[in-house]
Amino acid sequence: MGVDLADLVKEIKREVQLSELKGKKVSIDAYNAIYQFLTAIRQPDGTPLMDSQGRVTSHLSGIFYRTISLLEEGVIPIYVFDGKPPELKAQELERRRKIKEEAEKKLEKAKEEGETKELKKYSQMATRLTNDMAEESKKLLEAMGIPVVQAPSEGEAEAAYLCSQGYTWAAASQDYDSLLFGANKLIRNLTLTGKRKLPKKDVYVEIKPELIELEDLLKKFGITREQLVDIGILIGTDYDPDGIKGIGPVTALRIIKKYGNIEKAVEKGELPKYILDLNINEIRSIFLNPPVVKPEGSLDLKEPNEEEIKKILIDEHNFSEDRVTNGIERLIKAGKEAKGASRQSGLDQWF
DNA sequence: CATTGATA
DNA sequence: TATCAATGG
């Protein structure tokens with residue numbers, strides 16, 4: 001979910017060519033990416049890819065092939081995994097859990113009635129990202145020689161930190177929260193095919209990677225990051241999911257620009273008093289001063305462990321040997337070239 | 001979502 | 001060689 005800044009961001013976002021990212025590192029919110037794979041990589045009837053034991057493998061397919069393709073484009077992905085969520089996220093997590101439960105019930109019903117459309121819709125809604133999936137994704141990436149960072153708390157916060165400290169050129173996620181966490185650059189729709197099907201119909205639309213620069217956003221609206229966070233709180237974040245009733249991005253922007261911050265706006269009677277009970281300062285702190293860690297290793301590509309990749313994908317999850325072997329070949333070749341491109345971009349010399 | 005294979 | 005539906009696990 002995350003904060004819905006679409007209406008504000010649309011003013012300054014721009015398309016970005018994958019070629020512009022050549023030789024650059026990008027920190028990727030792993031949960032965000034994996035979840036995307038789990039919902040998107042499915043058969044027409046909504047069934048995800050599964051191994052012979054019925055375990056879902058859509059995420060492994062997505063990670064394996066997309067990572068290789070990114071590397072072939074010269075982009076070096078750094079996957080950042082979530083740690084322990086902030087206490088204030090409990091309500092949002094509970095809300096999501098309930099939605100999943102409802103979706104599972106509706107899915108069972110759709111199964112009985114054999115409604116293909118409903119079946120697909122609810123099986124996507126019922127998608128869960130388990131710990132096992134995250135751990136196995138991490139293992140696969142490590143076997144591929146791709147840098148993995150374990151965040152102490154929110155992965156998105158860590159990915160933003162890596163970007164703001166220059167470890168990565170940009171942070172990739174579908175959520176705008178990255179901007180509140182301080183990522184200088186956010187890339188949305190970091191995909192290769194550029195095709196995505198619309199939720200309802202079987203229509204495909206062109207989806208191109210887009211770049212949003214924090215500085216452009218703040219300049220455009222004449223606000224600080226602190227004020228952007230206040231705007232987020234009014235709209236609603238994972239830590240106050242409902243936001244303030246009746247206040248969307250435009251109103252929130254107007255109010256914060258006019259009064260400077262939430263407290264002043266409440267004081268002047270522009271916002272209801274109950275907002276002050278929302279742990280505003282704690283939410284601000286989550287975005288402005290989140291728990292993050294310096295990456296342990298070098299964030300450089302390593303030699304792929306061919307045997308380990310094959311063990312995970314072929315032996316344990318029934319991937320086609322031909323496809324995996326071919327993928328590993330591409331991976332090795334692209335890895336070497338990407339390293340070269342990284343050296344040329346000069347980004348490495350900072351460290 | 002990404003790749004493959006059929007089609008022209 | 002380009003396009004698109006089918007397939008992947």
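Here is the naming used below: chain letters follow the sequence lines, and residue numbers restart at 1 for every chain. Quick caveat: nothing in here was measured; it's all calculated off a predicted structure.
- A:Y65 has its OH atom 12 Å from the P atom of B:dA2, to the nearest Å.
- Rounding to whole angstrom units, CG of residue A:L60 and C1' of B:dT3 are separated by 16 Å.
- Rounded to whole Å, the distance from CG on A:L49 to C1' on B:dT3 is 12 Å.
- Within the 4.0 angstrom heavy-atom criterion, no nucleotide atom of any strand lies near A:S52.
- Cation-pi check for A:K268 over A:Y259 is not met; the charged atom does not lie both under 6.0 angstrom from the ring centroid and within 45 degrees of its normal.
- Between the C1' atom of C:dG8 and the CZ atom of A:R42 lies a distance of 14 Å, rounded to the nearest Å.
- You won't find any donor-acceptor pair under 3.5 Å spanning the side chain of A:Q43 and the base of C:dG8, going by distance alone.
- Looking at A:E329 and A:K333, no side-chain N of the basic residue comes within less than 4.0 Å of a carboxylate O on the acidic one, giving no salt bridge.
- Distances were taken from every side-chain heavy atom of A:T193 (C-beta onward) to each of C:dT7, C:dG9, B:dC1; the shortest belongs to B:dC1.
- Salt-bridge annotation for A:K106 and A:E102: absent, with no side-chain N of the basic residue lying under 4.0 Å from a carboxylate O of the acidic one.
- Taking atom CG of A:N326 as the reference point, atom C1' of B:dT3 lies 10 Å away to the nearest angstrom.
- Counting any heavy atom pair closer than 4.0 Å across all strands shown, A:R55 reaches no nucleic acid atom.
- For the pair A:K105 and A:E108, the salt-bridge criterion is not met [side-chain N within less than 4.0 Å of a carboxylate O].
- Across B:dT3, C:dT7, C:dG8, the shortest atom-to-atom separation from the side chain of A:S61 is found for C:dG8.
- No engagement by A:D322 is indicated, since no non-hydrogen atom pair under 4.0 Å with the nucleic acid exists.
- A:E72 has its CD atom 12 Å from the P atom of B:dA2, to the nearest Å.
- Contact annotation for A:S69: backbone-only contact, meaning every heavy-atom pair under 4.0 Å involves sugar-phosphate atoms and none involves a base.
- Between the C1' atom of B:dT4 and the CD1 atom of A:I41 lies a distance of 15 Å, rounded to the nearest Å.
- In the model, A:N281 has a side-chain atom that pairs as donor or acceptor with a side-chain atom of A:R284 under 3.5 Å.
- Rounded to an integer number of Å, the gap from A:F64 CZ to C:dG8 P is 16 Å.
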